[in-house]
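Quick notes on the structure that follows.
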Amino acid sequence: METLSENRCFGGTQGVYKHAAKSTNCDMTFAVFLPEEAQHGPVPVLWFLSGLTCTHENAMVKAGAQGWAAEQGIALVFPDTSPRGEGVSNDEAFDLGQGAGFYVDATQAPWAAHFQMETYIAEELPALLAEHFPLDMDRQAITGHSMGGHGALTLAMKLKGRFRSVSAFAPICNPTESEWGQKQFSIYLGSDSAKWAAHDASLLMASAGFDGPVLIDTGTDDQFGHLLGTAAMAGAIAEAKQEGTVRLQKGYDHSYFFISTFMEDHVAFHAEALYS
């Protein structure tokens, strides 16, 4: 693992790191914020999965999460959204290829050679973090935005017992019924739509649910609202009698201005679960 940068931040350290990942068969970059408490022992961790076109840097710089995490004594992990680099398959469209891994393990050529993002986030990166950072891996929570909200919700429900809480900002909740999902799943996973259900948060909520609290925020002026499937997720939460809250925030859109406005709420929400 190579340290690319480390900066003093809210009494702790904001670092950026790179390593050769086996699952994605390329170098991967990620960021970790450690609060001051990490100098004295392992601290709980909150993952933030970013959305389409983003890298680790977008949320690290724009979400305003470090100050609130420092207040709660929580570490933050900002992974990249896809494999990258020379030789990694890509597409000219913003919603496919590099920057658009959708947190799935691709099975179709040419994507399968590198696009193993579910395995990377669920297995390889956590193992690396546990080895190199003072993190309490028994106390984890996860959040994300848009495509990253999709990843946060699906991984939380699939990795039983891993995360104590899950939240999302404007998540893609019902990708099997959306252009943001149908396109990518057919290309990454193949034409058999039955295989897509394992990556649809609304379907997973209906079939499996989550053993912990759920918080979802979406803006009423979200320019991509028609692609998110918020109503399907709200219905699945109600049907499953899931402990959860879906909030429609009046006038907010899909941007990081929206995320930073409600980040304090989300960090406090996870802190309650992580310290209970």
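Looking at Asp95 and Lys183, a side-chain N of the basic residue comes within less than 4.0 Å of a carboxylate O on the acidic one, giving a salt bridge. Taking a cutoff of 4.0 Å between a charged side-chain nitrogen and a carboxylate oxygen, Glu118 and Lys158 qualify as a salt bridge.
Ring geometry for Phe262 versus Tyr252: interplanar angle over 60°, hence perpendicular rather than tilted (30 to 60°). The aromatic rings of Phe78 and Phe48 lie tilted to each other, with the angle between the two planes from 30° to 60°.
By the neighbour-count criterion of 12 heavy atoms within 6.0 Å, atom CD of Glu6 is densely surrounded, having more than that number from other residues, nucleotides or ligands. Within a 6.0 Å radius of CD in Gln108, more than 12 heavy atoms belonging to other residues, nucleotides or ligands are found. Environment of CD in Glu272: sparse, with no more than 12 heavy atoms of neighbouring residues, nucleotides or ligands closer than 6.0 Å. For CG of Asp265, the number of neighbouring non-hydrogen atoms (other residues, nucleotides, ligands) closer than 6.0 Å is greater than 12.
Ala197 and Leu204 make their closest contact through O-CG, 4.1 Å (heavy atoms, listed as atom of the first residue, atom of the second, distance). Annotation for Pro35 and Ala70: closest pair CB-CA, 4.3 Å, computed over non-hydrogen atoms. Taking each heavy atom of Gln14 and Val32 in turn, the nearest pair found is NE2-O, 3.3 Å. When all heavy atoms are compared, the tightest approach of Thr154 to Ala201 is CG2-N, 3.7 Å. Across Met60 and Ala31, no two heavy atoms sit closer than the pair SD-CB, 3.6 Å. When all heavy atoms are compared, the tightest approach of Thr81 to Cys54 is OG1-O, 2.6 Å.
With hydrogens and angles ignored, the 3.5 Å screen pairs no side-chain donor or acceptor of Trp196 with any backbone N or O of Pro175. At distances below 3.5 Å, not a single donor-acceptor pair connects side-chain atoms of Ser146 with backbone N or O atoms of Gly51. Using modelled atom types, one side-chain atom of Gln184 and one backbone atom of Gly181 make a donor-acceptor pair closer than 3.5 Å. A donor-acceptor contact shorter than 3.5 Å links the side chain of Ser255 to the backbone of Phe257. A donor-acceptor pair under 3.5 Å is formed between the side chain of Glu124 and the backbone N or O of Lys22. In this structure, Ser178 contributes its side chain and Trp180 its backbone to a donor-acceptor pair below 3.5 Å.
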- Message: Under the criterion ring pair (Phe, Tyr, Trp, His ring centres under 6.0 Å), I'd like the reasoning laid out for His150 against Phe102: C-alpha separation, chi angles, the key distance, then a yes or no.
- Response: CA-CA 8 Å; His150 140 77; Phe102 262 78; 5.6 Å; yes

- Item | Full working for ring pair (Phe, Tyr, Trp, His ring centres under 6.0 Å) between Tyr256 and His145 | CA-CA 9 Å; Tyr256 270 89; His145 171 230; 5.6 Å; yes

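Between the side chains of Asp105 and Thr119, a donor-acceptor pair is found at a separation under 3.5 Å. If you check the side chains of Thr24 and Gln116, you find no donor sitting under 3.5 Å from an acceptor. His270 and Ser165 are linked by a side-chain donor-acceptor pair at a separation below 3.5 angstrom, with hydrogens and angles left out of the test.
By the rule that hydrophobic residues join a cluster once side-chain heavy atoms approach within less than 4.5 Å of another member, Leu96 and Tyr103 end up as members of one cluster. Following chains of ILVMFWY side-chain contacts shorter than 4.5 Å, one can reach Leu52 starting from Val104, so the two form part of one hydrophobic cluster. Note: the hydrophobic cluster containing Phe10 does not contain Val77 (ILVMFWY, side chain heavy atoms under 4.5 Å, direct or indirect links). Under a hydrophobic clustering in which Ile, Leu, Val, Met, Phe, Trp and Tyr are joined whenever their side-chain heavy atoms come within less than 4.5 Å, directly or via other members, Val267 and Phe269 fall into different clusters. Linking Ile, Leu, Val, Met, Phe, Trp and Tyr whenever their side-chain heavy atoms come within less than 4.5 Å puts Val45 and Phe30 in one cluster.
Looking at Leu125, Leu155, Leu76 one by one, the single match for side-chain contact (heavy atoms from CB on, under 4.5 Å) with Trp47 turns out to be Leu125.
You'll find the ring centres of Tyr120 and Phe115 outside the 6.0 Å limit.
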Without placing hydrogens or testing angles, list every side-chain donor-acceptor pair under 3.5 Å for residues 215-240, not counting sequence neighbours.
from, atom 1, to, atom 2, distance (Å)
Asp217, OD1, Arg247, NE, 2.7
Asp217, OD1, Arg247, NH2, 3.4
Asp217, OD1, Gln249, NE2, 2.9
Asp217, OD2, Arg247, NH2, 2.7
Asp217, OD2, His266, NE2, 2.8
Thr220, OG1, Gly251, N, 2.7
Asp222, OD1, Phe224, N, 2.7
Asp222, OD1, Gly225, N, 3.3
Asp222, OD1, His254, ND1, 3.1
Asp222, OD2, His254, ND1, 2.6
Gln223, OE1, His254, N, 3.2

